[in-house]
There are 2 protein chains.
Amino acid sequence: MVARGQARPTLRDVAVRAGVSVSTASLVFSGKGPVAEATGERVRAAAAALGFTGPNPLASSLRHGRSGAIGVLVEGRLRMAFRDPFAIAVLDGLAEVLEAVPTGMLLIGQPRGSDDSVVLQLAPLALDAVVFSLCGPGDNPAVEHLAARGIPMFSTGVPGDRRITQVRVDERAAGVAIAEHVRSLGHQRVAHVAMPMLPTSAAGPVPDAEVQPAEANVPSVGRLLGFRDVFGPDAPAVQTGDGSSFEGGTIAGRALLDVPEPERPTAIVAQSDVIAAGVILAAEELGLRVPEDISVTGFDGVDLPWLPHRVTTMDQQGREKGRILGTLVRRRLDGERPRSVTQPALLRVGTTTAPPR
Amino acid sequence: MVARGQARPTLRDVAVRAGVSVSTASLVFSGKGPVAEATGERVRAAAAALGFTGPNPLASSLRHGRSGAIGVLVEGRLRMAFRDPFAIAVLDGLAEVLEAVPTGMLLIGQPRGSDDSVVLQLAPLALDAVVFSLCGPGDNPAVEHLAARGIPMFSTGVPGDRRITQVRVDERAAGVAIAEHVRSLGHQRVAHVAMPMLPTSAAGPVPDAEVQPAEANVPSVGRLLGFRDVFGPDAPAVQTGDGSSFEGGTIAGRALLDVPEPERPTAIVAQSDVIAAGVILAAEELGLRVPEDISVTGFDGVDLPWLPHRVTTMDQQGREKGRILGTLVRRRLDGERPRSVTQPALLRVGTTTAPPR
DNA sequence: GCATGCTATCGAAACGTTTCGAGTCGAATC
DNA sequence: GATTCGACTCGAAACGTTTCGATAGCATGC
């Protein structure tokens, strides 16, 4: 029942005790190949008696060449990544599909700046695939390493390497769609709050040099391009210094709204719901009512239970995106070569937009 | 440079190409044992030429008996678990320590109700240790399985099994401390909003039968006991139906505050900051100002950037707790047998408490 | 009475490392 | 010149499975 000494029992111990060969014992646990009822029973009894809880996963993995784990690369500190409810939604959908396989998700943190340390961290890990779902723009040193190891890679748009199978949305088209909605309400002075264009971008107005039309698949860039497709290339845009964050939204909101009324935008298009929430706080701090005095839109379509508004947003259906990602991973592990897919984003009108006064 | 055909190169391929034995090649990559400079160079060159990215982790793990991954058990859907910023803080601290080893964190979801499926999910996973940090009260079927496999277990208080090494706080004492603070301000009619006493608890008033003094190590129970140590055994307490959630706090807050003024409590002691935030929303919805009309306290000491208050709370230093947890895991993997530890929780007075009017 | 087919079982060969003990060789020591 | 010592290298034996091909037993069909 309990381990004698230190060593765990092995399949061989079980086989010996049951009076069968190791291969037969293996068959009993894997369920492949025909085994007589009585034999199976004897083996299971021996296993129970020895406290054998099943074949050693490491040995089994080595034989199969599969570890049963996929890596999830997390850029920056965990606490930051997990503040983004959209990322969580994707992860949740992913887990939902992978649970059934079953495959575990191995979190791999990647603190900023330590470029090659992630490779050192990755090298000793046995992974069947890797998902980039909490990463920002820019190249990731992990991509080269994983490509060399032949580990299949998946992402939700960034990094944009062609060796990575993607579940993406047409960011620019989505940016156009929400901007159109704002314009159709009658807004003309409209500003944009973006996530950083580059990993190195500083908070503040977006420099034109950082907006490369070729990078339209990067969410921050694509959404800004879409916005400017509607409101013109000179429509004001500021970026946060830290991705999709509430604080970043608040800071940007103050900068845009704390100006004399004639210059003040009548609507702000933000690149995420969390940023939009921050902008709303900034507006309310300044005594502006949303949506009467100022309209605010978000992006993502996540639940913000603590926000007493329903943000007008582009619903990206994060959980569904995660599920699709999971399905792609599964199919890849089954030997197929699934191609990248594009998911639609849907305009969802909430309580934070109205015609200008 | 690139894989020929499908097969990845192995250490043997590298050794052959470099004209050395496999064991010597192994020495080069592991850095153990003396290797002549020239030999090492030759092996590395051969590896580069073949596109060998390092020893196969699976084989290496089998040999070492270590997988380089620790499991993190997540009760309920991922999205729910990750809504709790305290859990995230613990995870963040844990990751900080484990990154350096390096060891990955393998998330294992455990949807409610599917009692033995977690074992099925766990069985094929190679884990060096398991951390329960996002789990609620009650027994967990995974504990038996892991104990049988001899996998070291760690937790932050629950489950309370003695085979698990714990980083806990004295929940009851902490509950007393914050209640004392509220009483010292002069409050007499004080209510409590708890997390569920049992996994099966329904939202609403806490039935006496669910409050077992023996279970004082369970956070929800211990904190309530501490609260009642100060305000008496009949002080009103309601529990949420879903752990530490904003919505749960709002619902409970409405139930407690939407009553005629003479019956209304002048302070509410909540079992988490997130719940406290929900209570504050409920209060404000009813036109009550915090802290002028009603004081609200939380628990945990997490950052809620979107909340325009600094909650008075017991700071549990989640990140530090996670770091300690990580250190315990590390020491255990180094062969020590670290004992459970108790962390202090510190009263941190914010802007949500004041004397009653 | 012999080929045929099926079921149940087994031995041996992987899977790709790491580690242990042993061996080689040249330099230093007596 | 024999001995001792390091530095370096190597072969072989694990680590605990899974899988392939072979074999044995036994009934079926002619």
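Quantities reported herein were computed from a predicted structural model and do not represent experimental measurements. Chain letters run A, B, ... following the sequence lines, proteins first, then strands; residues in each count from 1.
Annotation: side-chain hydrogen bond (donor to acceptor under 3.5 Å, both in side chains) contacts of A/Ser26 (sequence neighbours excluded): none. Every residue two or more places apart in sequence or in another chain that forms a side-chain hydrogen bond (donor to acceptor under 3.5 Å, both in side chains) with A/Arg323 is listed here: A/Glu96, A/Glu320. Contacts of B/Thr156 classified as side-chain hydrogen bond (donor to acceptor under 3.5 Å, both in side chains), with partners at least two apart in sequence or in another chain: none.
At a threshold of 4.5 Å between non-hydrogen side-chain atoms, the residues B/Leu107 and B/Phe82 count as touching. Side-chain contact between B/Arg163 and B/Glu144 is present, with heavy atoms from C-beta onward closer than 4.5 Å.
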Self-check item: Letter per nucleotide, 5' to 3', of nucleotides 12-19 of chain C [B base touched, S only sugar-phosphate touched, - untouched; heavy atoms, 4.0 Å]
Solution: -BBBBBBB

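Checking B/Asp161, B/Val72, B/Val143, B/Val158 one by one against B/Phe132, the side chain to side chain contact (heavy atoms under 4.5 Å, CB included) holds for a single residue, B/Val143.
A donor-acceptor distance shorter than 3.5 angstrom exists from the side chain of A/Ser61 to the backbone of A/Arg66, with no hydrogens or angles considered.
Pairs of residues two or more places apart, or lying in two chains, never qualify as side chain to side chain donor-acceptor pair (under 3.5 Å) while including a residue from residues 33-51 of chain B.
Helix-axis bend for the helix from C/dG1-D/dC30 to C/dC30-D/dG1: the local axis fitted to the five terminal pairs at one end deviates from that at the other end by 50°, rounded to 10°.
Using a 4.0 Å heavy-atom cutoff across all strands shown, A/Ser61 reaches no nucleic acid atom at all.
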